[in-house]
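Nothing fancy with the numbering, it's 1 onward along the sequence. Below, all heavy atoms of this structure are taken into account, side chains as well, without hydrogens, waters or symmetry copies. When a ligand or atom number is given, it counts from 1 through the structure's own listing order.
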Amino acid sequence: DTALAVVADGGHGGLARLAALQRMGWDHNRHAIVATVTPREALPGIAFEHFQESGPLAFLPIGQQQFSIVWSLRPSAASQMLDLSDFAFLEALNRQRPPHLPLLSGVGPRSVYPLFFQRLWAQPSQRLALVGNAAQTLHPLAGQGYNLGLRDVVTLAALLREAAAAGHDPGARRLLEDYSQIRHRDRLETIAFTEAMNRLFSSPRLPLRFARAAALALLEQSTFGKRELAARLAGIRLPAGSSIPDLMWESVHVH
Ligand SMILES: Cc1cc2nc3c(=O)[nH]c(=O)nc-3n(C[C@H](O)[C@H](O)[C@H](O)COP(=O)(O)OP(=O)(O)OC[C@H]3O[C@@H](n4cnc5c(N)ncnc54)[C@H](O)[C@@H]3O)c2cc1C
């Protein structure tokens, strides 16, 4: 008998089916092409996100010389892009790149990820704790998935250490319910924020385009707003009402 199993298979392994987990989700009908690209002139430390109707095209700096791109495209367009030669791919990418980014002259191997939203749940009696993408898979446009998963792990680790110190069952219904409850608000708000951002930025509908332009204009005027949004996107600021246990602080006290 296993006291507790932590499910961390990224949500695309066979564990959801095996454990008959409850699922809610939808397909974004977009595929993301991921590759490392090199610009003609170095532009270290600056990230770009260019919103298009098919979804965002993000350039995330790696080191001093390169960017990792995440390019969201309709599935058929993504498979066409995968089949192009490096030269033709760079030509297509250069046509779509944001205005301030220098010409791109090199590209590494390309891979593709289908984009979907998914939440999975286990029953508290199943002695399963879901962390990271195994609990929730988000659209990558806001770069929230990894930090959200880390916050799952930190919370679960703190609860398990507390249970171990007290000699309690690590897979107890009460512990698993506490885990879900502590993570509930952060998970829900991060999902809502990410999904709303995706809808707002990818919709061709006129009212949403106006709302988007107005929101961006407001943001441009507000240093405070920009700082808050950056802190939220970087995972430094959590949604109001969410908290994660301070693992470092607790470890000082345990030892
Ligand atoms: C294109 C793209 C761009 C992204 N960009 C960002 C970003 O900028 N910032 C951000 O925060 N997040 C980003 N994300 C999300 C981020 O990648 C995920 O949130 C994160 O990887 C989740 O980590 P995880 O360990 O839960 O799952 P995964 O990274 O999927 O890892 C699960 C692991 O489990 C293994 N596994 C599966 N089944 C089994 C099994 N049965 N037995 C043993 N091992 C198994 C898999 O091989 C895999 O190694 C992006 C995602 C995508 C698709």
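The shortest contact between atom 45 (C) of ligand 1 and any protein heavy atom is with D9 CB, 4.4 Å. Shortest contact from atom 52 (C) of ligand 1 to any protein heavy atom: P140 CB, 4.0 Å. If you check which protein heavy atom lies closest to atom 41 (N) of ligand 1, you get L15 CG, 4.5 Å. Remark: minimum distance from atom 28 (P) of ligand 1 to any protein heavy atom is reached at G10 CA, 4.0 Å. Here the protein heavy atom with the shortest distance to atom 22 (C) of ligand 1 is N133 OD1, 3.2 Å.
For atom 34 (O) of ligand 1, a protein non-hydrogen atom is found at a distance below 4.0 Å. At least one protein heavy atom sits closer than 4.0 Å to atom 12 (N) of ligand 1. For atom 49 (O) of ligand 1, the nearest protein heavy atom lies 4.0 Å or farther away. Within a 4.0 Å radius of atom 43 (C) of ligand 1, the protein contributes no heavy atom. Taking a distance limit of 4.0 Å, we find that atom 26 (O) of ligand 1 is approached by some protein heavy atom. Distance check for atom 18 (C) of ligand 1: a protein heavy atom is found below 4.0 Å. Closer than 4.0 Å to atom 30 (O) of ligand 1 lies at least one heavy atom of the protein.
Contacts between A8 and ligand 1, counted as non-hydrogen atom pairs separated by less than 4.0 Å, involve the backbone only. Contact annotation: for V34 versus ligand 1, heavy atoms closer than 4.0 Å belong to the side chain alone. Contacts with ligand 1 closer than 4.0 Å are made by side-chain heavy atoms of V70 only, the backbone lying farther away.
By the 4.5 Å heavy-atom criterion applied to side chains, L130 and L21 are counted as neighbours. A heavy-atom distance below 4.5 Å is found between the side chains of T190 and R151. Residues F59 and L93 have side chains in contact (heavy-atom distance under 4.5 Å, counting atoms from C-beta outward).
Each of the following atoms of ligand 1 lies closer than 4.0 Å to a heavy atom of Q144: 11 (O). For ligand 1, the atoms closer than 4.0 angstrom to any heavy atom of H12 are 30 (O). For ligand 1, the atoms lying closer than 4.0 Å to a non-hydrogen atom of G143 are 7 (C), 8 (O), 9 (N), 10 (C), 11 (O). Taking a cut-off of under 4.0 Å to the non-hydrogen atoms of Y146, the atoms of ligand 1 that pass are 10 (C), 11 (O), 12 (N), 19 (O). Ligand-side atoms of ligand 1 in range of G132: 26 (O), range being under 4.0 angstrom from any heavy atom.
Residue H50 qualifies as enclosed at atom NE2: its count of foreign heavy atoms under 6.0 Å is above 12. For Y113, the OH atom counts as loosely surrounded, since its 6.0 Å shell holds 12 or fewer non-hydrogen atoms of other residues, nucleotides or ligands. No more than 12 heavy atoms of other residues, nucleotides or ligands shown are found within 6.0 angstrom of CZ on R199.
Taking each heavy atom of R187 and L148 in turn, the nearest pair found is CA-CD1, 4.2 Å.
Screening H31, M81, Q96 against L73 for a side-chain contact (heavy atoms from CB on, under 4.5 Å) leaves a single residue, M81.
Residues satisfying the salt bridge (Lys or Arg N to Asp or Glu O under 4.0 Å) criterion with D86, sequence neighbours excluded, are R110.
Under the 4.5 Å side-chain heavy-atom criterion for grouping Ile, Leu, Val, Met, Phe, Trp and Tyr, V107 is not connected to L60 through any hydrophobic cluster. Criterion: ILVMFWY side-chain heavy atoms under 4.5 Å apart, direct or through other members. Under it, L57 and L104 are part of a common hydrophobic cluster. The hydrophobic clustering, which links ILVMFWY residues whose side-chain heavy atoms are closer than 4.5 Å, places V70 and F89 apart.
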